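Worksheet for the structure shown next.
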Amino acid sequence: MNPQVLDPNAYLEGLVRNALGELLGEEAAVLPVSLDRPRQPEHGDLGLPCFPYAKALKTNPAQAASMLAERIRPDTLVSEVRPTGPFLNFRFHPKALAENVVRGILEEKEPYGPWASNGLSVVIDFSSPNIAKPFHLGHLRSTVIGAALRRLYRFTGHEVHGINHLGDWGSQFGKIIVAWREWGDEKALQKDPMRHLFDIYVRYQREEKERPELKEQAAEAFRRLESGEENEERAIWKKLRDISLQAFQGPYKRLRVEFDHMTGESFYEDKMEAVIQELEKAGITTVSEGALVVEFPEQKIPPCILRKSDGTTIYATRDLAALFYRRETYHFDKALYVVGSEQKLHFRQLALVLEKLGWPQAKNVQHVDFGLILFFNQEKGRWEKGKTRSGNAIFLDEVLDEAVAGVKKIIEEKNPDLPDKEAIAEAVGVSAIIFNDLKNGRIKDVKFDWNEMLSFEGETGPYVQYAGARLSSILRKAGSSVPAMTQSIASEGGIDFELLSDATPVLLTMMEFGPTLKRALEKNEPSILTNLMIRIASEIHSFLRDHRVLGEDPDLTRARLALVAAGRKILETGLEILGVTSPERM
RNA sequence: GCGCCCGUAGCUCAGUAGGAUAGAGCAUCGGUUUCCUAAACCGAAGGUCACAGGUUCGAAUCCUGUCGGGCGUACCA
């Protein structure tokens, strides 16, 4: 009973690797094995392009495919090994495929359940909003991508430190202090802190142009703040910081985003001096135009500034101090910065500084960059950066509220008797926004479009959630559940997996879960997983059209319920990594 | 000027390390509900993968150039 569960994908890759090893010995280890789904299902369940092996085997790809085929015998899992020109195509026994995938998922075996620890420590720097500026759409990307990566790394066996590197320090704070002195209003602050701070900051920006003395005051304020004294500037800073921190909890809670550390820039206030000294000791600094910098003459890029000519520090100094601290504290093997692509140069500079210091992790300090949010300019007829028509930044809450309202309307239309409408509307609406942000490649600029954001059809979060809700509904009507089906499989006489032979396409797609996570990890790209979730949902919707679950022959119903439970489970697991919920009904 | 990124269907995008006949969604057109949720499904139509060369058995993918768009280019983050 309960023989070992295999990951068919990994198993087959192992067979190919063995065969390559037999033919080529150690040389085989460096060759890629990229099994993928053939475009034409008739070709097989998985196909292997044999072009890369031809050279090593001193033959042509077709011959290479045949040579490999001779060394891979069909067995209880693999039913067919067929060279087709330069490709080597495989087919699984449908029954064995079904059993291994369904059980793998329900019993939470790797790669469908949490992966065993790999002992690697990863720090992920994400979200990092500026204090005293509202949480707007721009922060959404870093937050949502970072949160997904944090979950992805954790799921795949990494020790993860998700850090919110709050923008709570820096010369901009001098401006905010001045703005607060000039126009701050206690009542307005209590009522809507972020809105008020935003308003006075915007006002500062405007008035700075006409009143140059403001600029001086702001610089002075930051100098006094950075002096370390318990002065008025520090009191204002602390007050505004606390209230902002409080206000950020709202969006984070709605997005279900968590951090392991909330160490913002100010955390490094007393740690920068030591780092500067260490860099000086390493002999990589120079003084240029009155500023302390690290120069990169060979790379032809501007220097990294450590201390400005007025003696104060800059974000690069704090980022370096943070890197030193994180190396000490978390012993990271990899450090990811989920920050917009406009800061590319900055992170290139940081990496170069670390290289100069001879840090072995330098190449694993990576900028996980993402594109801008663009708005359509009606007059000019094109997409551009930054502002809406009204000239204000769009607040995140506004977007979430709109989405939730849109969902509520659809519920009233389609499912008015749904219990717990409010909670489900919140879950579906917020998920739609998150999913939408994770759908496309990070690097792409996001074209902000209300219609698209508030659409819940096609490749959207609700579409995937809906597939899950349909599966839940079937389980519910059968008086079963995911845990119950997991039990049922383990019990005597469990499931006749032969009866799932017509589910091969959906099973093959679910089987892509493991390789997909690997690719998402390699590229720090959540959208790769998002796209798989869409494909799994699509396969499920199609399957449900042609296959009834309830009311069939009892054995068939039970087998299909096992598939339904596995589908439900894999959707939930994948969506959870992305930060999207899986409602039981919608 | 220089550096980096992008250009795939009307629109928004996928396209795994160069591999089999370039795929989705939206929009358009046609069909599916006495049947487990039609936020769904099935079908039709839609392409000079910006352009021109090159590399090779093979290029949307790699190289060079051109055009178009974006971001960055020392004391903001």
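In what follows, every heavy atom counts, from backbone to side chain, and hydrogens, waters and symmetry copies are set aside. Labels below follow one simple rule: chain letters A, B, ... track the order of the sequence lines, proteins then strands, and each chain is numbered from 1. This is a predicted model, so every value here is computed, not measured.
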Can you tell me if R470(A) touches the phosphate of A39(B), counting only side-chain N or O atoms and a distance under 4.0 Å to OP1 or OP2? no
Looking across every strand, which nucleic acid part, if any, lies under 4.0 Å from R442(A) by heavy atom: base, sugar-phosphate, or nothing? nothing
Look at the side chain of I410(A) and decide which nucleotide, out of G72(B), A14(B), A39(B), has an atom nearest to it. A39(B)
Students often get this wrong, so: under 4.0 angstrom with heavy atoms, is S542(A) touching a base, only sugar-phosphate, or nothing? sugar-phosphate
Tell me what S288(A) touches on the nucleic acid: a base, only sugar-phosphate, or nothing, going by heavy atoms under 4.0 Å. base
Separation of atom CZ in R585(A) from atom P in U37(B), rounded to whole Å: 10 Å
Quiz item: R519(A) side-chain donor-acceptor pair to U16(B) base, under 3.5 Å: yes
Is H43(A) touching bases, backbone alone, or none of the nucleic acid, heavy atoms closer than 4.0 Å? base
Spell out yes or no: do the side chain of N89(A) and the base of A20(B) have one donor N/O and one acceptor N/O closer than 3.5 Å? yes
Whole-angstrom distance between G15(B) and A20(B), as gauged at atom C1': 15 Å
Are the ring centres of F267(A) and H165(A) closer than 6.0 Å? no
Taking atom NZ of K421(A) as the centre, report whether more than 12 heavy atoms of other residues, nucleotides or ligands fall under 6.0 Å from it. yes
Heavy atoms only, 4.0 Å cut-off, all strands: where does R548(A) land among base, sugar-phosphate and nothing? base
Name the nucleic acid region contacted by I528(A), choosing base, sugar-phosphate or nothing; use a 4.0 angstrom heavy-atom cut-off, strictly under. nothing
Any K344(A) side-chain N or O less than 4.0 Å from OP1/OP2 of G72(B): no
Give the dot-bracket string for RNA chain B, reading 5' to 3', where a pair is Watson-Crick or G-U wobble with both distances under 3.5 Å, ( ) marks pairs inside the strand, [ ] marks pairs crossing earlier ones, | marks a partner on another strand, and . marks unpaired. (((((((..((((.....[...)))).(((((.......))))).....(((((..]....))))))))))))....
With a non-hydrogen cut-off below 4.0 angstrom, is L550(A) in contact with a base, only sugar-phosphate, or nothing? base
So Q343(A), base contact, sugar-phosphate only, or nothing? Heavy-atom distance under 4.0 Å. base
Students often get this wrong, so: under 4.0 angstrom with heavy atoms, is H367(A) touching a base, only sugar-phosphate, or nothing? nothing
Quantified in whole Å, what is the C1' atom distance between nucleotide A52(B) and nucleotide G7(B)? 16 Å
When rounded to the nearest Å, what value does the distance between C1' atoms of G72(B) and C26(B) take? 34 Å
Think Y315(A) has a side-chain N or O under 4.0 angstrom from the OP1 or OP2 of A77(B)? no
What do you reckon, are the aromatic ring centroids of F87(A) and F51(A) less than 6.0 Å apart? yes
Separation between the P atoms of U55(B) and C63(B), rounded to whole Å: 15 Å
When only distance counts, do a donor and an acceptor, one from the side chain of E457(A) and one from the base of A39(B), lie under 3.5 Å apart? no
Nucleotide of C13(B), U37(B), C36(B) approaching K444(A) most closely (side-chain heavy atoms): C13(B)
Near RNA chain B, under 4.0 Å by heavy atom, which residues of residues 171-179 of chain A? S171(A)
Heavy atoms only, 4.0 Å cut-off, all strands: where does I443(A) land among base, sugar-phosphate and nothing? sugar-phosphate
Write down the distance separating the P atoms in G46(B) and C41(B), rounded off to the nearest Å. 23 Å
With a non-hydrogen cut-off below 4.0 angstrom, is Y463(A) in contact with a base, only sugar-phosphate, or nothing? sugar-phosphate
With sugar-phosphate meaning primed atoms plus P, OP1 and OP2, does G167(A) contact a base, only sugar-phosphate, or nothing at under 4.0 Å between heavy atoms? nothing
Check whether any side-chain nitrogen or oxygen of K447(A) sits under 4.0 Å from OP1 or OP2 of C13(B), and answer yes or no. yes
For R535(A), which contact category applies under a 4.0 Å heavy-atom criterion: base, sugar-phosphate, or nothing? nothing
Touch check for E413(A), heavy atoms < 4.0 angstrom, all strands: base, sugar-phosphate only, or nothing? nothing
Closest to the 5' end of RNA chain B, once I534(A) and P52(A) are matched to their nearest nucleotides, is P52(A)
